[in-house]
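Since the structure comes first, as structure tokens, the remarks are kept for the end.
The basis for the numbers below is simple: all heavy atoms, side chains too, and nothing from hydrogens, waters or symmetry mates. All figures in this text were calculated on a predicted structure; none of them were measured in a lab. Below, chains carry the letters A, B, ... as their sequence lines are ordered, and counting in each starts from 1.
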Amino acid sequence: MTVRTRFAPSPTGYLHIGGARTSLFSWLYAKKMGGEFILRIEDTDRERSTQEAVDAIIDGMEWLGMEHDEGPYYQTHRFDRYKEVIQQLLDDGHAYYCNCSRERLDQIREQQMAKKEKPKYDGCCRDKGLAEADDTVIRFKNPLEGEVTITDHVRGTVVIKNQELDDLIIERSDGTPTYNLTVVVDDWDMKISHVIRGDDHLNNTPRQINILNALGAQIPEYAHLPMINGPDGKKLSKRHGAVSVMQYHEEGYLAEAVLNYLVRLGWSHGDQEVFTLEEMIEKFDIRDINKSSSNFSIEKLQWMNQQYLMSLDPVRVAEQLAFYMMEHGIKIEEGPALVEIVMLLRERSRTLVEMVENSRFFYEPVEEYDAKSVKKHIKAGTSAILVTIREKLANLEEWYADKIHHVVQEVVNEQEVGFPKVAMPLRIAVTGSTMSPSIDTTLDLLGREKTLDRIDKLLVFIANQ
RNA sequence: GUCCCCUUCGUCUAGAGGCCUAGGACACCGGGUUUUCAUCUCGGCAACAGGGGUUCGACUCCCCUAGGGGACGCCA
């Protein structure tokens with residue numbers, strides 16, 4: 001049997017972290033088993049579904065590299081098929097028309113709640129043999145007795161009594177099919193072997209199994225994934241920061257890092273933290289998925305991102321950096337090659353956006369000096385030292401990091417001061433603050449002309465103080 | 001409320017009855033390396049929700065309680 005998994009989002013918003021993780025597990029399993037991964041858009045709720053959301057979801061999946069082998073299928077394109085199945089259910093006595101008003105439904109719900117019972121449809125029209133009318137819906141005749149056993153690869157065996165279930169609506173009064181019907185039909189038609197989805201669907205599973213049984217369809221394997229919550233353990237929402245996967249892209253995270261971070265949420269392979277895509281596929285096993293929900297931690301994602309920034313081929317990172325440079329208005333032709341920037345700053349940047357900001361001084365003039373740095377390192381003798389080093393730098397024959405370092409050391413020796421006495425003012429002159437990569441490489445990359453200009457500028461600044 | 005699910009350091013997790021004095025990672029705190037920042041490195045802090053069983057022995061199995069989550073829609 002070929003393994004076929006699917007990701008079936010409803011297009012009511014962007015691809016969020018939880019959806020991405022669900023998709024990832026589904027995708028990984030398909031890849032691992034040499035199977036197929038299908039993308040299906042569950043857009044039967046026409047009120048809330050938008051093309052914009054469909055595009056956003058596809059963009060997100062594409063960015064993360066989760067390519068689908070089939071689809072996207074749209075449920076709205078399959079209405080004829082759903083009609084057909086519903087008719088079959090009707091013909092076989094597994095479904096019936098119901099004309100209970102919404103008011104009546106609300107009323108019995110209230111009554112049941114008041115009696116501390118689980119709200120359920122009371123089966124009022126179940127045996128009335130009603131015919132189709134404008135205001136009728138079609139309900140599935142759920143078995144009254146017995147129980148449904150779900151064999152879940154994550155949860156184990158879950159048994160639900162049929163008495164807990166009710167006759168759910170499978171076709172609305174406007175003639176459109178509902179979720180529980182469409183999923184069943186699609187998973188069946190699309191020969192989905194493994195339904196890997198969020199935990200929130202565990203409760204729907206027994207209903208779906210009953211429909212599948214009524215249809216004489218095979219029951220797929222199930223794996224219900226635990227949820228991802230915010231850092232505070234509450235449902236992930238906008239107040240926790242970025243929820244959309246693409247927002248992480250905008251913030252300078254690498255797809256590899258996001259994937260790696262996500263795969264470790266609810267899944268593990270011993271103590272291993274970092275996985276290449278190949279390793280993920282090779283080592284992924286449904287049996288290693290956790291049962292409990294996990295909390296999203298931006299700190300760990302940041303750490304992970306930096307791991308990738310540091311280990312990925314700098315040329316490739318530079319290619320991506322170019323995009324962010326542009327986005328943040330930096331003219332890359334005004335400064336050093338991006339590969340150099342990556343090599344210099346990847347140990348000091350957790351995201352590509354941070355790298356952009358950390359490298360800004362290479363491309364744009366220093367507008368202001370960090371007050372604390374100035375206070376601490378600009379002292380009485382600083383100007384003299386700056387003038388000396390400027391002189392030596394101006395006369396350097398070759399502008400290379402090691403030559404520059406040599407010159408700085410020379411001044412340190414001649415003036416009989418500590419290295420910081422020379423290096424710090426230089427840093428301030430060139431970057432605006434004292435936090436910078438090694439000073440010699442920085443000057444090397446910045447170039448002689450800009451270096452001298454900036455020293456002059458700082459000298460003027462000191463004079464005016 | 002009813003039903004279902006979950007519960008190991010602050011967070012992600014290892015743990016398949018003795019390997020547990022509960023391991024790793026992030027974060028945090030200290031030391032070292034370093035011209036600053038960072039990287040790197042060494043060390044520290046820190047958890048089996050509670051209570052009953054079962055067993056020679058329980059983080060691991062069973063039950064109860066508590067807490068958290070989900071479902072209960074003509075949403076998906």
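Side-chain atoms of A/Asn204 come within donor-acceptor range of the base of B/A76, with a qualifying N/O pair under 3.5 Å. At a cut-off of 3.5 angstrom, the base of B/U36 holds at least one donor-acceptor pair with the side chain of A/Arg427. Looking at A/Ser173, its side chain comes within 3.5 Å of the base of B/C74 through a donor and an acceptor atom. Put simply, the side chain of A/Lys300 and the base of B/A25 share a donor and an acceptor less than 3.5 Å apart. For B/G24, its base sits under 3.5 Å from the side chain of A/Glu273 at one donor and acceptor pair at least. Judged by distance alone with a 3.5 Å cut-off, a donor-acceptor contact links the side chain of A/Asp271 to the base of B/G23.
Nucleic acid contact class of A/His201 (heavy atoms, under 4.0 Å, all strands): base. Among the atoms of the strands shown, only primed sugar atoms or phosphate atoms (P, OP1, OP2) are found under 4.0 Å from some heavy atom of A/Val158. Looking at heavy-atom distances under 4.0 Å, A/Lys235 makes contact with sugar-phosphate atoms alone, never a base. Using a 4.0 Å heavy-atom criterion, one finds that A/Glu299 contacts the sugar-phosphate atoms exclusively. In this structure, A/Lys376 reaches neither bases nor backbone, as no heavy-atom distance under 4.0 Å exists between it and the strands shown. Across all strands shown, A/Arg102 has heavy atoms under 4.0 Å from base atoms, whether or not it also approaches the sugar-phosphate. Using a 4.0 Å heavy-atom distance criterion, A/Ser438 is classed as a base contact. Residue A/Pro437 is in base contact, counting any heavy-atom pair closer than 4.0 Å across all strands shown.
Here B/U35 presents its C1' atom at 17 Å from CD of A/Glu410, a figure rounded to the nearest Å. For A/Asn142 and B/C72, the CG to P distance is 15 Å, given to the nearest whole Å. In this entry the distance linking CZ of A/Arg348 with C1' of B/C40 reads 12 Å, nearest Å. Atom CD in A/Gln208 sits about 18 Å away from atom P in B/C4, given to the nearest Å. Residue A/Tyr222 contributes atom OH, which lies 17 Å from atom P of B/C5 at whole-angstrom precision.
A/Met355 has its side chain within reach of A/Val342: a pair of non-hydrogen atoms, C-beta onward, lies under 4.5 Å apart. Side-chain contact between A/Glu171 and A/Pro177 is absent, with no heavy-atom pair separated by less than 4.5 Å. Within the 4.5 Å cutoff, the side chain of A/Val408 has no heavy atoms near those of the A/Lys392 side chain. Side-chain atoms of A/Thr442 and A/Phe362, non-hydrogen and from C-beta on, do get closer than 4.5 Å to each other.
Electrostatic pairing of A/Arg6 and A/Asp187 counts as a salt bridge here, judged by a charged N lying under 4.0 Å from a carboxylate O. Comment: A/Arg207 engages A/Asp166 in a salt bridge, judged by a side-chain N to carboxylate O separation of less than 4.0 angstrom.
B/U21 makes up no base pair with any nucleotide shown, lacking Watson-Crick or G-U wobble contacts both under 3.5 Å. B/A58 is unpaired under the Watson-Crick or G-U wobble criterion, no partner having all donor-acceptor distances under 3.5 Å. B/G67 is paired with B/C6 under the Watson-Crick or G-U wobble criterion, all donor-acceptor distances under 3.5 Å. Across every strand in view, B/G73 sits unpaired, with no contact that passes the Watson-Crick or G-U test at under 3.5 angstrom. The pairing partner recorded for B/C40 is B/G32, the criterion being a Watson-Crick or G-U wobble arrangement whose two distances lie under 3.5 angstrom.
The side chain of A/Pro119 sits closest to B/G1 out of B/C74, B/U2, B/G1. Distances were taken from every side-chain heavy atom of A/Ser292 (C-beta onward) to each of B/A71, B/C6, B/C37; the shortest belongs to B/C6. Distances were taken from every side-chain heavy atom of A/Arg155 (C-beta onward) to each of B/C26, B/C6, B/C4; the shortest belongs to B/C6. Side chain of A/Gln306, nearest nucleotide from B/U39, B/C4, B/U35: B/U39. Between B/C26, B/C74, B/A14, one nucleotide has an atom nearer to the side chain of A/Ser268 than all others, and that is B/A14. Closest to the side chain of A/Glu42, from the set B/C26, B/C5, B/A76, is B/A76. When the nucleotides B/C12, B/C74, B/A76 are ranked by their closest atom to the side chain of A/Arg264, B/C12 comes out on top. Picking from B/C72, B/U11, B/U35 the nucleotide with the shortest atom distance to the side chain of A/Lys118 gives B/C72. When each of B/U35, B/A76, B/A25 is scored by its nearest atom to the side-chain atoms of A/Asp45, the top-ranked nucleotide is B/A76. Minimum atom distance to the side chain of A/Met113 is reached by B/G1, of the listed B/G70, B/G1, B/U35.
B/C9 sits 15 Å from B/C29 when the C1' atoms are compared, rounded to a whole Å. Nucleotides B/G73 and B/A27 are separated by 45 Å at their P atoms, to the nearest Å. Separation of the C1' atoms belonging to B/G51 and B/U7 is 15 Å when rounded to the nearest angstrom.
Cation-pi check for A/Arg126 over A/Tyr96 is not met; the charged atom does not lie both under 6.0 angstrom from the ring centroid and within 45 degrees of its normal. A cation-pi arrangement is absent between A/Arg78 and A/Trp188, since the terminal nitrogen or guanidinium carbon is not both under 6.0 Å from the aromatic centre and inside a 45° cone about the axis.
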Report task. With side-chain contact (heavy atoms from CB on, under 4.5 Å) as the test, would you mind laying out the steps for A/Ile138 and A/Ile169 before giving the verdict? Result -> CA-CA 6 Å; A/Ile138 299 174; A/Ile169 294 174; over 6 Å; no

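Using a 4.0 Å cut-off, no side-chain N or O of A/Lys161 falls inside it from OP1 or OP2 of B/C4. Of the side-chain N and O atoms in A/Lys120, none sit less than 4.0 angstrom from OP1 or OP2 of B/C72. Residue A/Ser294 has a polar side-chain atom (N or O) positioned under 4.0 Å from OP1 or OP2 of B/U13. Proximity of A/Asn290 to the phosphate of B/A14: a side-chain N or O atom is located under 4.0 Å from OP1 or OP2.
Between A/Asp174 and A/Thr434, the residue whose closest nucleotide on RNA chain B is further toward the 5' end is A/Thr434.
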